[in-house]
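First comes the structure, then the notes that go with it.
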Number of protein chains: 2
Amino acid sequence: MSSKKYVYFFAANQSEGKAEMKNLLGGKGANLAEMCNIGVPVPPGFTLSTEVCTAYYDNNRNYPESLKAEVEAAIAKTEEVLGKKFGDPKNPLLFSVRSGSRVSMPGMMDTVLNLGINEEITEGLAALSGNPRFAWDSFRRFVQMYGDVVLDLKPANKEDEDPFEIILEAKKEEKGVELDTDLTTEDLKEIVSEFKAEIKKETGHDFPEDPMEQLWGAMSAVFGSWMNDRAITYRRLNGIPSEWGTAVNVQAMVYGNMGDDCSTGVAFTRDPATGKKIFYGEYLVNAQGEDVVAGVRTPQPLNDSTKSDPSHTTLEKLMPKPYGDLVEIYNKLEQHYKDMQDIEFTIQQGKLWMLQTRNGKRTAEAAVRIAVEMEKEGLIDKNTAIKRVEPEQLDHLLHPMFDPNADTNIIAKGLPASPGAATGKIVFHAEDAEEWTEKGEDVILVRIETSPEDIAGMHVAKGILTARGGMTSHAAVVARGMGTCCVAGCAEVEINYKNKTMSINGKVYNEGDWLSLDGSKGEVIEGKVPTIDPELSGNFGILMSWADEVRHINVRTNADSPHDAEVARNFGAEGIGLCRTEHMFFEGDRIKAVREMILADDEAGRVAALAKLLPYQRDDFYGIFKAMHDLPVTVRTLDPPLHEFLPHDDENQQIMADEMGITLEEVKAKVEALHEFNPMLGHRGCRLGITYPEITEMQARAIIEAACDLKKEGINALPEIMIPLIGTKAELKDQKTIVVDTANKVMEEKGVKVDYLVGTMIEIPRAALTAHEVAEEAEFFSFGTNDLTQMAFGYSRDDAGTFLKEYISKGILADDPFQTLDQTGVGQLIEFGVQRGRQVKPDLKIGICGEHGGDPRSVVFCHKVGMNYVSCSPYRVPIARLAAAQAQLDFPA
Amino acid sequence: MSSKKYVYFFAANQSEGKAEMKNLLGGKGANLAEMCNIGVPVPPGFTLSTEVCTAYYDNNRNYPESLKAEVEAAIAKTEEVLGKKFGDPKNPLLFSVRSGSRVSMPGMMDTVLNLGINEEITEGLAALSGNPRFAWDSFRRFVQMYGDVVLDLKPANKEDEDPFEIILEAKKEEKGVELDTDLTTEDLKEIVSEFKAEIKKETGHDFPEDPMEQLWGAMSAVFGSWMNDRAITYRRLNGIPSEWGTAVNVQAMVYGNMGDDCSTGVAFTRDPATGKKIFYGEYLVNAQGEDVVAGVRTPQPLNDSTKSDPSHTTLEKLMPKPYGDLVEIYNKLEQHYKDMQDIEFTIQQGKLWMLQTRNGKRTAEAAVRIAVEMEKEGLIDKNTAIKRVEPEQLDHLLHPMFDPNADTNIIAKGLPASPGAATGKIVFHAEDAEEWTEKGEDVILVRIETSPEDIAGMHVAKGILTARGGMTSHAAVVARGMGTCCVAGCAEVEINYKNKTMSINGKVYNEGDWLSLDGSKGEVIEGKVPTIDPELSGNFGILMSWADEVRHINVRTNADSPHDAEVARNFGAEGIGLCRTEHMFFEGDRIKAVREMILADDEAGRVAALAKLLPYQRDDFYGIFKAMHDLPVTVRTLDPPLHEFLPHDDENQQIMADEMGITLEEVKAKVEALHEFNPMLGHRGCRLGITYPEITEMQARAIIEAACDLKKEGINALPEIMIPLIGTKAELKDQKTIVVDTANKVMEEKGVKVDYLVGTMIEIPRAALTAHEVAEEAEFFSFGTNDLTQMAFGYSRDDAGTFLKEYISKGILADDPFQTLDQTGVGQLIEFGVQRGRQVKPDLKIGICGEHGGDPRSVVFCHKVGMNYVSCSPYRVPIARLAAAQAQLDFPA
């Protein structure tokens, strides 16, 4: 058999492990050893390495032969350090047993305290401490924990009651007391024997009285929990290999429950909510760790750093000496780990012991502040600061939030489709949203689903709620682009457009009623809730500037208006990666011209209608190019199927008929003629430009005319004309010819030359597969990963909500592929596209303009495959900038 | 400069070329040389090779330096053989100039006859022949042809009149004659001078009188026509590289127009319509080649082999000597080329000259008969016979046809969606089709479009006509599967369901009116047209048996009923590659149970409804497995979105509401809830089985129960259960687990074991890209190339009609990718799928079950990538068998 070392001892100056050995010892074990190494007081103990776990499962749930001797040796060393003996009633050593894998993992066995105890040892402990109640309380706690987590009597559902709690509560009632601490030693004795009886009843076995049996039972329960269903599911969803295994930490007990000179607590070295450099935490006198968490007694603040309340007794005041030690240690730990620490401690009879330290979780605000301030303090360098903030977290900093002190009545939950908070009066139609807003009202637009016709109303609404549609439905995509809060696909909402009412679980809400939405959480809230605007602190700006220095990949934005372009530029966008031209078609009189074009019977009729649109389009581009002067602007030619520009309900069809001077039947006939079974796969994108070349011609003319006009004013426009939905080289060639011919004509007319590119979206699988052909005609590629994902998976974004939720909950998919790029499948198509495109044109400019451009993991992928830029909605630009910087640090290009 | 040989002389015993030199000399030139080689009388001449053409274009439309000398030498050799001189009025040698590329190509310059003539030479020719009218007729023809094709005075549109014909007709009117042959020499002289005046007027130049100038002009016109627009388009559409170039044939004239002992004609060595071994052809006395084609005079039959008509004067009777020579030569040519020949000849003053021989085009019937009979005659071997028949042609042999002698009034044209001919009375509803058929009527079902609800009506109809939908619309796919004639997407048809009428170009047709459809041509014909049933002659069976001996790849069928399975088995199917289970859901009471399942609020309700369906499904499979005993049957689990099983119009929704005992509103609400924007990409395929596992369970149970029951009767069923629309390995694993668990349960209940496989469709791009993962769970792959094409291109089959036609006419796509597999793009996905699947499981059984399985070119592709089988609709099984044999001969596996 192997002579591998499986057990690592830790104690002051004697540790066999260190912080870098996380993979072997787990996070907790490595840090316990490290604290010992740097002179922090830690109760001694030992760690069974993750290799024990692996060996255990490789060997049909049997331990390595050498393990027993190693454990016994480690116990002996612990006994030696403390001068106590495990299982010796006269001077007992008790242990805590805790799991600890490389990364924190819910679903596994957590902690057993006070292990190595039985009635005889309890009595010994009572004698030794002179505190029988402490001894019996410890025994009571051990039997309960061991029963719960090792013998598995813990109820499977949170709703079901813990059998031990039932006994405990009954006893308190019987004795007429309220707190556990009010129970007497005798009460505790009764409780222990009732606990044991319950265990015998449920398991058929007596409670194990032998300390060594208890220890092996607890250690096996930890290893066993590595393979329980919850842990397996968690690992699958988070891509954690089961080979990693877990470690087990066996540590000498210290007691926070030995009397009023004892306490236990948790603390953060800086405020995890704000990042402020204060020592922040809570403690309980005469308690063990789980009491702080259980919330039966209210923990007290460590000091007055947050708020001073005379009813509080701070640790600083109550136990100034150990508090002073704690302050010294937290400073030491932060200096040593160079990050904000989340620590656990116990004070036993005035002596401070550290039980855990780890990097603390923190809010977005705190993360940014801590990273920047630590750099200023010289603790970390800029690159480390950049890596300290989760890009996704930044989202919270960029949108309004509800006042955290406000009461909220959540009446329904939908998808968190676009972050932020909004409050306003309910309206059900886009036109009403516009009308009410003009009158000075804040409105929430509530729709079964939205369509391009609703754009103007969506633009003015404070928030958008839809009953149907997924994270990438029209409402969600548009709202994110606008930075407007949106809750989508909220199935509980039943809408009656006619009566202008909606009902949620039976309760009816009328037009004009106040409603609030939390788009970050997907919550629908009754009534008005005050919101607070985000404050982009100076630290945020500093961190972003560091990120910009580091990153290689550019960040552009998806913007369709001068306003959006400006917003994005303020957020740091370096150009527009996707300017959709179709949104421009809906405003004001334009839609009439668009409809005239659609109704025209021949090319001449279409050309006449398009001539009316030309000045509008030119003005649009003029404004956008001006806002983005000196930066590239990728303009996509018309993409959606034409039926999207026609009204689909009787009322609006009649209005259109009247406007156009035709019959309702003619309108209906056209709508019917344009109806498609699967419009996503129908007559749209370049297919429109090929069958109606005059559309492409008008758009190319508008773009180049705007650029020429600006050039004459000394403003530099850099249009990149992008042809959508290309599947073959021939399509691109057809459209490119129209664009180039038109551009030449316009430049001659205007007497001025402008630079422009013609390129294509790669959003059809075939285009990615034949990128070496397509690249012959393309001056740039932009991956449209929304459509590419739709077609690679065969999922309609608008319809996938019905099964995608279930796919994710069943673990069939780890992520929604419309939110995080599917690198396994769709990623292959992107890699083909990049490699084959550059095979023909080594300098081909390549970017991404799907929703994924703002998803941090997807940004890393784009960086790795060698794209030149990502493009995302304005509000995600900072996220992409930070993700791009981290990508460069992790995978230097 | 190069010393390459550019000009190849041909004459009896002196030819420099041969048949194998087609690439260099073009088809015509190579065969002229070859005929000289085997002693067939051919007027001497020479061929400018295709390399001249290439050099001409490589060198900016300049000829190689050495060419002039080579041409002059070849002219001299021709003069020497004939004892005449080019350009010598006393004894003039005239030439014909003809193009001739490797493959026959429309759009290029064709022929100029009588070249090397002017007024002086005409007079010489008149003197020499003693026939001035002949001489002037020749000159007239030359000026006209040269003007038309070399000087390009031919009108661009067929509708426009030829300026020379206008002059000719005017002259005939002026002279009061009807036929060209009635014009006198003087008339011809006048015409010639008017022709020349017209040329001067149009081109600004005098007509070239110099024979050498004429010759270079004509040769340059041929080379120039290689790059005209029509030729370029034709090459692009047919994948012919422009580098091939064309050859030019310059050949001494012989005259069929010298008098009544002269004639010219065309013939086939066997009947091209039936394949019968008779010598078949037509001729005209005193005429030149173009007269036979022009149709001014009616050509006469060569002999009485076809039908004897006393009004005819056969060549056999009129000129027995040259006819005898012709018979001898045709036998010689057929023996030499070992294929049926299409020949052109001229008899000048009793002497026979051959001007062309090539393999003759033929009907399907003739192709099969000739191939089989030539093998029996020992001319060719079986492999050659197999390669002599175009697989696609066979289609005509498998369906009814209109009586070729019937008059037809074509009132509209649609897509030839499913071949065959049908005649019947118009009905507009599927139920009416059933009702009328029961009463003994033949019906044509006319619909705007069909849907799965119409299946029963489609089954009984003789033919199906739809106003909308492409070659792969529901109507087209189902009709082909059934072998029912269908014309789809006929936009001229306007249907009024309410009045039960349709109008075509203003004329109204009522229910009950007779209508006929030619599904092979896409024609809609007014009234009743008699049809004749196909006769699958013995030769057909023989050829098929030879194909079966050769091919490596199996041919299965797509069949959903015992009847279809039997039809296909008779056509040679070796199993079922796709049995769709959803069609079974529509019949009779089943649809009620299906709807109960859809309406059920919970799993229990669905399970109860599915229990009602189980016996039906089991019976379905029992019948199909029995019909296909000992052969594999691939059953696909439920694929279409559930809304397809609900009625979409008010009337049927009310009926359903009444049947189910619920309100119309409830039905409508369910339909609305199931509505999808893009159902093709929605909640269907395995996504149904994953969200409703009970559906998969019921289907697996039905399949295995049927197989077990048959096993007990001693009948061997080989079910292969196929999960559709898999995009990830996890999906397949989920469904496979249900199938295997259910199968084990059923086999235990039945006390019998059966063999079965569980596999998957590869129809989602992601599945193909991750085939190495998917294969870990799959026992077989079947490429669903319909959906794979839809998703790879982003085309909806049901909607692509709007632009695909234009794509093909513009040359953006060479073929409809739903008919012929796109090997460039979709083909890559298939290759990935095959390679990566077999990388994990080297023996993985792989097939194809899309429409492409019956397309010959696609079958070749499937063979080449190493599939085990193709599967296609029953009526295409013979086509696939032949294509598979040819694939093996061309690309031996």
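Every chain is numbered from 1, with letters handed out A, B, ... down the list of sequences. Since the model is a prediction, treat every value here as computed from it, not as a measurement.
- For Y692(B), no part lies near chain A; criterion is any non-hydrogen pair under 4.5 Å.
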(request) Could you please spell out the steps behind the side chain to side chain contact (heavy atoms under 4.5 Å, CB included) verdict for R766(B) and L829(A)? (result) CA-CA 9 Å; R766(B) 195 183 186 282; L829(A) 292 173; over 6 Å; no
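- Across all their heavy atoms, F832(A) and L769(B) have their closest contact at CE1-CD2, 3.8 Å.
- The most heavy-atom pairs under 4.5 Å with chain A, out of G794(B), G727(B), G685(B), come from G794(B).
- Partners of K805(B) under the salt bridge (charged side-chain N to carboxylate O under 4.0 Å, His left out) rule, at least two apart in sequence or in another chain, do not exist in this structure.
- Residues I764(A) and F793(B) approach most closely at CD1-O, 3.1 Å, considering heavy atoms.
- Residue E763(B): no heavy atom, backbone or side chain, is found under 4.5 Å from chain A.
- Counting only heavy atoms from C-beta outward, the side chains of T802(A) and R687(B) never approach each other to under 4.5 Å.
- Residues of residues 490-499 of chain A placed with any heavy atom under 4.5 Å of a heavy atom in chain B are absent; none qualify.
- Considering every non-hydrogen atom in both P765(A) and P765(B), the closest pair reads CG-CG, 4.2 Å.
- Judged purely by atom type and a 3.5 angstrom limit, N678(A) uses its side chain to pair as donor or acceptor with the backbone of M680(B).
- When the shell of 6.0 Å around CG of D649(B) is examined, it contains more than 12 heavy atoms from other residues, nucleotides or ligands.
- Under the side-chain contact (heavy atoms from CB on, under 4.5 Å) criterion, T760(B) pairs with I726(B), L732(B), I762(B), V774(B), A778(B), F781(B), sequence neighbours left out.
- For D601(A), the CG atom counts as loosely surrounded, since its 6.0 Å shell holds 12 or fewer non-hydrogen atoms of other residues, nucleotides or ligands.
- Looking at K810(B), its side chain does come within 3.5 Å of a backbone N or O of I690(A) through a donor-acceptor pair.
- Rounding to the nearest 0.5 Å gives a distance of 6.5 Å between CG of L813(A) and CD of E731(B).
- Using a 4.5 Å heavy-atom threshold, the side chains of T824(A) and E773(B) count as touching.
- Ion pair R468(A)/E672(B) flagged as a salt bridge, since at least one NZ, NE, NH1 or NH2 atom sits closer than 4.0 Å to an Asp/Glu carboxylate oxygen.
- Residues meeting the ring pair (Phe, Tyr, Trp, His ring centres under 6.0 Å) test with F803(A), sequence neighbours left out: Y795(A), Y807(A), H683(B).
- For D229(A), the CG atom counts as loosely surrounded, since its 6.0 Å shell holds 12 or fewer non-hydrogen atoms of other residues, nucleotides or ligands.
- In this structure the side chain of F677(B) never reaches within 4.5 angstrom of the side chain of E676(A), judged on heavy atoms.
- The candidate with the highest count of non-hydrogen atom pairs below 4.5 Å against chain A, out of A730(B), A800(B), A792(B), G825(B), is A792(B).
- For D822(B), the part lying under 4.5 angstrom from a heavy atom of chain A is the side chain only.
- The structure places CD1 of I812(B) at 11.0 Å from NZ of K733(A), a figure rounded to the nearest 0.5 Å.
- The CG atom of L681(A) sits 7.5 Å away from atom CE of M791(B), with the distance rounded to the nearest 0.5 Å.
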